[in-house]
Amino acid sequence: MSATPNTQQGFERLAGLSYLNPAAPEPWASFVEQIERVRPYLGSLERWIETLKHPKRTLIVDVPIERDDGTVAHYEGYRVQHNLSRGPGKGGVRFHPDVTLNEVMALAGWMTVKNAAVGLPFGGAKGGIRVDPTTVSKGELQRITRRYTSEIGIIIGPDKDIPAPDVGTNAMTMAVMMDTFSMNRGGTATGVVTGKPIALGGSLGRQEATGRGVFITAREAGRQMGVPIEGARVVVQGFGNVGGIGARLFHAAGARVIAVADHTATLVNEAGIDIPAAMAHAAENGGLKGFAGASPIDIEDFWRLECEFLVPAALEGQLTVERAAGVRARIVVEGANGPTTPAADDVLRERGTLVVPDVLANAGGVTVSYFEWVQDFSSFFWTEDEINERLERIMVGAFSAIWKLAQEKHVSLRTAAFIIACQRVLEARAERGLYP
Ligand code: NAD
């Protein structure tokens, strides 16, 4: 006989259907596990830890549009506000055919941690649409973006939740989102999104900021580990906004980028890849495939390359236990969000590989997004030098606080970053108190 909901067994069965199911697949399960690892360090704040395992607000929207051929297509859209205790939500919007609610929840959770770890006055949020932007026309993409923005318009705004670009979106997506929100509101609201074009209140240095942050934290980690950037061998997965710019900064600082990968090719050249040439090739051809300055290599061999810095900067879940067991890098710098599974994290730690966690390594983007939001509020814009100086100060300051705590508590940089962040978020939660 099957269990009914009013039996213990029945409740357990129904609990398994909850979107918060702790046995949920990656990456939400990874995030929850990372939170659990911080529990012993929270002291009296432990009382509030469940807050972090319950996204505050989860919005699923239908995004219907008329396609160019006259048919109607529907896309699934999400906006998750994981935690707003420290300020308005902040986090990107991802356009990718594999986006799920589970993934957006995890990404929103990591934004909560990231913003708090670096000390930005934001909560964590994230959004996404299940669409492959390369399979729709420019007009269709614009209609998708406008309808999605209108649908999530009930929860976003300059003082509520401020989206930004992520995988599959860019400055033009943000321009369309800003325009749609402004038209609906009846007044230009530049501060509703960041990562906008400069002409619409965007910030100098924003496009490069995440890659720059990756480079700064790699440099600081190298300094602590006695691994100078100059002459270091670097391997980078993902050759977009984060990986491409990160690779360029390593290259410019005298490092030898020996392997790069994107969704079209995985390439190696032990003598060092000419990164500006590879970037020009990728921009012209839509990817690295066909770039003559390096040779194809099997993706599993790519992860086993001996190097000083390994930078996963594509998608999450790339460094699995199996791959981690073969990693021969001194330092892993997580450009992507969630590229290392918790179990792989342990393997890397046992092997003596330092991991600079995503919530620190790729926080440069949201830091300059914060600068953009501040500049939009005051309508007073800073020079690129001012922006890069402030970014450097925040990233170096955050790195050094996290490094110090990791040494003191004998924990990984990730756990140290989570301890600092969770304490800040839960302290705000406790001081605000529960409503009503
Ligand atoms: P992007 O779209 O500009 O680039 C993504 C890159 O990854 C592309 O080169 C693509 O070809 C590559 N890629 C996709 N699938 C791949 C696969 N299966 N194997 C190898 N390469 C693959 O995106 P981005 O903005 O550079 O974001 C990359 C990562 O960094 C994401 O995890 C994102 O969440 C994170 N991130 C981005 C920012 C930002 O400011 N852009 C900030 C923080 C974190």
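Start at 1 and go down the list; that is how both ligands and their atoms are numbered. For reference, positions follow the sequence shown, starting with 1. Keep in mind that what you see is a predicted model, and the values were worked out from it rather than measured.
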State whether the shortest distance between N or O atoms of [X] and N or O atoms of ligand 1 falls below 3.5 angstrom.
| X | value |
| --- | --- |
| N362 | no |
| F239 | yes |
| E316 | no |
| P165 | no |
| A314 | yes |
| H263 | yes |

I'd like to know if [X] contacts ligand 1, where contact means a heavy-atom distance under 4.0 Å to any ligand atom.
| X | answer |
| --- | --- |
| E334 | no |
| G287 | no |
| Q318 | no |

*What pairs with H281 under side-chain contact (heavy atoms from CB on, under 4.5 Å), at least two apart in sequence or on another chain?*
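If we apply the side-chain contact (heavy atoms from CB on, under 4.5 Å) test to H281, skipping adjacent residues, the hits are N285, F291.
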
_Checking E300 now: which residues fulfil side-chain contact (heavy atoms from CB on, under 4.5 Å) with it, not counting sequence neighbours?_
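D298, W303, R304, R323.
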
*Would H82 and F31 satisfy side chain to side chain contact (heavy atoms under 4.5 Å, CB included), going step by step from the backbone distance to the final call?*
CA-CA 12 Å; H82 173 262; F31 174 73; 3.6 Å; yes

